[in-house]
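In each ligand, atom 1 is the first atom listed, and ligand 1 is the first ligand listed.
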Amino acid sequence: MKKGFMITPWEVSGDIDYSKLIKQFGTEKINDELLKRIKKHTGKLHFMLRRGVFFSHRDLNWLFDQYENGNKFYLYTGRGPSGKMHLGHLLPLVITKWLQDKFKSKLYFQMTDDEKFVVKRNLSLEETNRFAYENALDVIAMGFDPKKTVIFSDVDSAGILYKQALKVAKKLTFSTAKAVFGFTNETNVGLIFYTSMQSVPAFLESVFKKKNIPCLIPHAIDQDPFFRGVAREILPKLGYYKPAAIHCTFLPSLTKDGKMSSSNENSAIFTTDDKEEVKFKVMNAFTGGRDTLKEQEKKGGRPEICIVYKYLYMMFEDNDKKLSKRVEECKKGKIMCKDCKRYLIDKINDFLEDHQRKRKKAEKELDLFFTLKN
Ligand code: TYM
């Protein structure tokens with residue numbers, strides 16, 4: 001592990017070495033063979049898969065064995081509603097939507113207003129519950145099919161979820177929870193119990209359909225402890241399949257250190273930011289530029305450390321040719337950081353203009369998605 005590196009579901013900091021993480025967490029790399037297998041079913045590969053933004057997985061080959069034998073999978077992902085959503089939170093949703101379209105899969109989307117209430121000292125239950133519905137606007141705006149998507153708040157659907165969470169919790173010892181999540185004697189018991197709640201949607205469809213249905217969970221790697229340490233350990237003991245998962249890297253903070261995070265306003269672009277805010281934040285982002293324009297013209301820029309480039313690579317420039325041309329020109333000192341920043345600002349603002357319009361429309365569509373009634 002690189003120095004100063006830390007990753008838990010509630011805190012991510014430092015310079016993350018993703019290949020070491022694969023070893024440490026015991027996941028598998030998404031290799032060319034697997035990409036070919038996915039492509040066989042999807043026709044084209046999403047650029048986030050092709051470029052390794054989604055870099056690791058659990059049991060995807062098993063999932064496709066099942067799929068090829070006619071046992072279709074459903075999707076499950078979620079959000080901890082503790083405030084506004086930022087672009088990083090949308091990244092797993094991009095691939096989730098793509099997978100829903102390609103495989104016509106049902107999606108369960110968990111809003112963990114319970115988790116965020118027990119974790120965040122400064123938030124009331126009313127606030128996290130309100131954010132669950134506010135954040136759902138962003139989820140809906142991503143274009144999920146209302147006929148195939150169920151969004152729910154843990155608190156408001158507790159009547160259904162609690163019964164299932166109890167079955168998981170009964171098999172989860174405190175010593176396992178401590179080992180997996182690093183809990184201490186100071187951890188509140190609400191959070192300890194919550195760890196079982198995040199397993200529930202990984203077998204909920206099997207409960208409803210009264211037969212085993214494979215589940216695939218797209219998420220960033222920080223959520224892996226929930227699935228590695230709880231769901232995948234305990235679900236087989238309850239007679240259900242282990243969920244499969246596909247993991248993305250983190251959209252970095254604009255200011256370089258760590259991942260994009262709501263706790264540092266300037267590190268993040270929120271889905272509700274206006275054009276001027278986006279411009280201000282990107283203009284102040286960390287780049288691979290040199291100290292002076294002259295030096296940059298001479299030596300060229302360094303895309304390998306540039307956050308603006310990372311945003312284009314990971315999320316905002318799907319055209320490989322355009323991207324590599326930009327890299328070449330940067331390295332030769334033919335384009336300067338402000339050119340790339342302007343390019344990214346336009347890309348983000350175009351995306352957000354559309355997203356914010358859909359988000360507004362979603363205010364009238366909440367009932368179509370919140371259908372998990374107690
Ligand atoms: P939360 O709200 O912390 O994050 C929501 C989703 O966004 C991912 N994520 C990121 N992805 C890319 N770049 C970033 N900078 C970035 N920051 C966060 C997270 O990995 C997550 O996929 N406990 C969960 C809620 C949850 C959940 C789930 C998430 C419940 N069930 C199943 C994923 C799958 C949470 O607080 O997520």
Side-chain angles (χ1 to χ4, degrees), residues 7-13 16 18 21 25 48 53-56 58 74-97 99 107-120 123 128 131-132 134-136 138-139 142 150-155 157 161 165 168 181 191 194-204 215-232 243-264 267-271 307 310-311 313-315:
I7 180 161
T8 79
W10 303 288
E11 196 180 341
V12 176
S13 60
I16 304 160
Y18 288 103
L21 210 54
F25 281 10
M48 289 182 182
V53 176
F54 282 80
F55 70 108
S56 140
R58 289 190 186 275
Y74 73 100
L75 295 160
Y76 155 43
T77 193
R79 153 78 180 145
S82 56
K84 299 178 284 187
M85 281 177 82
H86 59 57
L87 295 178
H89 298 131
L90 299 189
L91 206 154
L93 298 189
V94 173
I95 215 77
T96 308
K97 152 87 177 132
L99 289 164
L107 165 66
Y108 281 97
F109 195 99
Q110 181 177 38
M111 288 290 181
T112 59
D113 40 6
D114 51 349
E115 175 192 19
K116 291 298 145 167
F117 170 62
V118 294
V119 167
K120 300 273 178 183
L123 285 178
T128 58
F131 278 130
E134 197 267 349
N135 289 178
D138 287 305
V139 177
M142 295 300 285
V150 180
I151 308 177
F152 56 91
S153 126
D154 277 354
V155 171
S157 296
L161 305 171
V168 178
F181 297 98
L191 185 56
Y194 167 75
T195 57
S196 295
M197 287 292 280
Q198 192 154 325
S199 289
V200 173
F203 65 104
L204 197 57
C215 172
L216 172 61
I217 315 175
H219 60 89
I221 192 74
D222 60 335
Q223 298 295 313
D224 182 65
F226 283 109
F227 306 117
R228 172 186 70 225
V230 185
R232 289 174 53 86
I246 177 165
H247 310 123
C248 64
T249 57
F250 297 109
L251 192 68
S253 155
L254 282 165
T255 50
K256 186 166 182 272
D257 285 323
K259 68 164 185 160
M260 181 176 272
S261 154
S262 314
S263 37
N264 175 0
S267 82
I269 291 172
F270 296 95
T271 59
I307 299 293
K310 284 214 172 97
Y311 277 47
Y313 180 90
M314 292 179 70
M315 212 167 168

Which pair of heavy atoms, one from Lys310 and one from Pro252, lies closest together, and at what distance? CD-CG, 3.9 Å
With a 6.0 Å cut-off on ring centres, are Phe226 and Tyr194 close enough? yes
Looking at Phe250, Phe227, Tyr76, which hits ring-ring contact (aromatic ring centres under 6.0 Å, His included) with His219? Phe227
Tabulate distances under 3.5 Å between N/O atoms of ligand 1 and N/O atoms of the protein, writing both atom names on each line.
residue: ligand 1; atom: 2 (O); partner: Arg79; partner atom: NH1; Å: 2.8
residue: ligand 1; atom: 2 (O); partner: Gly80; partner atom: N; Å: 2.8
residue: ligand 1; atom: 11 (N); partner: Gly88; partner atom: O; Å: 3.1
residue: ligand 1; atom: 13 (N); partner: Leu251; partner atom: N; Å: 2.8
residue: ligand 1; atom: 15 (N); partner: Leu251; partner atom: O; Å: 3.1
residue: ligand 1; atom: 15 (N); partner: Met260; partner atom: O; Å: 3.4
residue: ligand 1; atom: 17 (N); partner: Lys259; partner atom: NZ; Å: 3.3
residue: ligand 1; atom: 20 (O); partner: Ala220; partner atom: N; Å: 3.1
residue: ligand 1; atom: 20 (O); partner: Asp222; partner atom: OD1; Å: 2.6
residue: ligand 1; atom: 23 (N); partner: Glu115; partner atom: OE1; Å: 2.7
residue: ligand 1; atom: 23 (N); partner: Glu115; partner atom: OE2; Å: 3.2
residue: ligand 1; atom: 23 (N); partner: Gln198; partner atom: OE1; Å: 2.9
residue: ligand 1; atom: 23 (N); partner: Gln223; partner atom: OE1; Å: 3.0
residue: ligand 1; atom: 31 (N); partner: Tyr76; partner atom: OH; Å: 2.8
residue: ligand 1; atom: 31 (N); partner: Gln110; partner atom: OE1; Å: 3.0
residue: ligand 1; atom: 36 (O); partner: Gly80; partner atom: N; Å: 3.4
residue: ligand 1; atom: 36 (O); partner: Glu115; partner atom: OE1; Å: 3.3
residue: ligand 1; atom: 36 (O); partner: Lys116; partner atom: NZ; Å: 3.4

Test applied, side chain to side chain donor-acceptor pair (under 3.5 Å); reference residue, Ser153; option that passes from Asn135, Asp114, Thr128, Asp113: Asp113
Students often mix this up, so state it plainly: with edges at 30° and 60°, are the rings of His247 and Phe55 parallel, tilted or perpendicular? tilted
Can you tell me which residue pairs pass the salt bridge (Lys or Arg N to Asp or Glu O under 4.0 Å) test with a partner in residues 244-253, sequence neighbours excluded? none
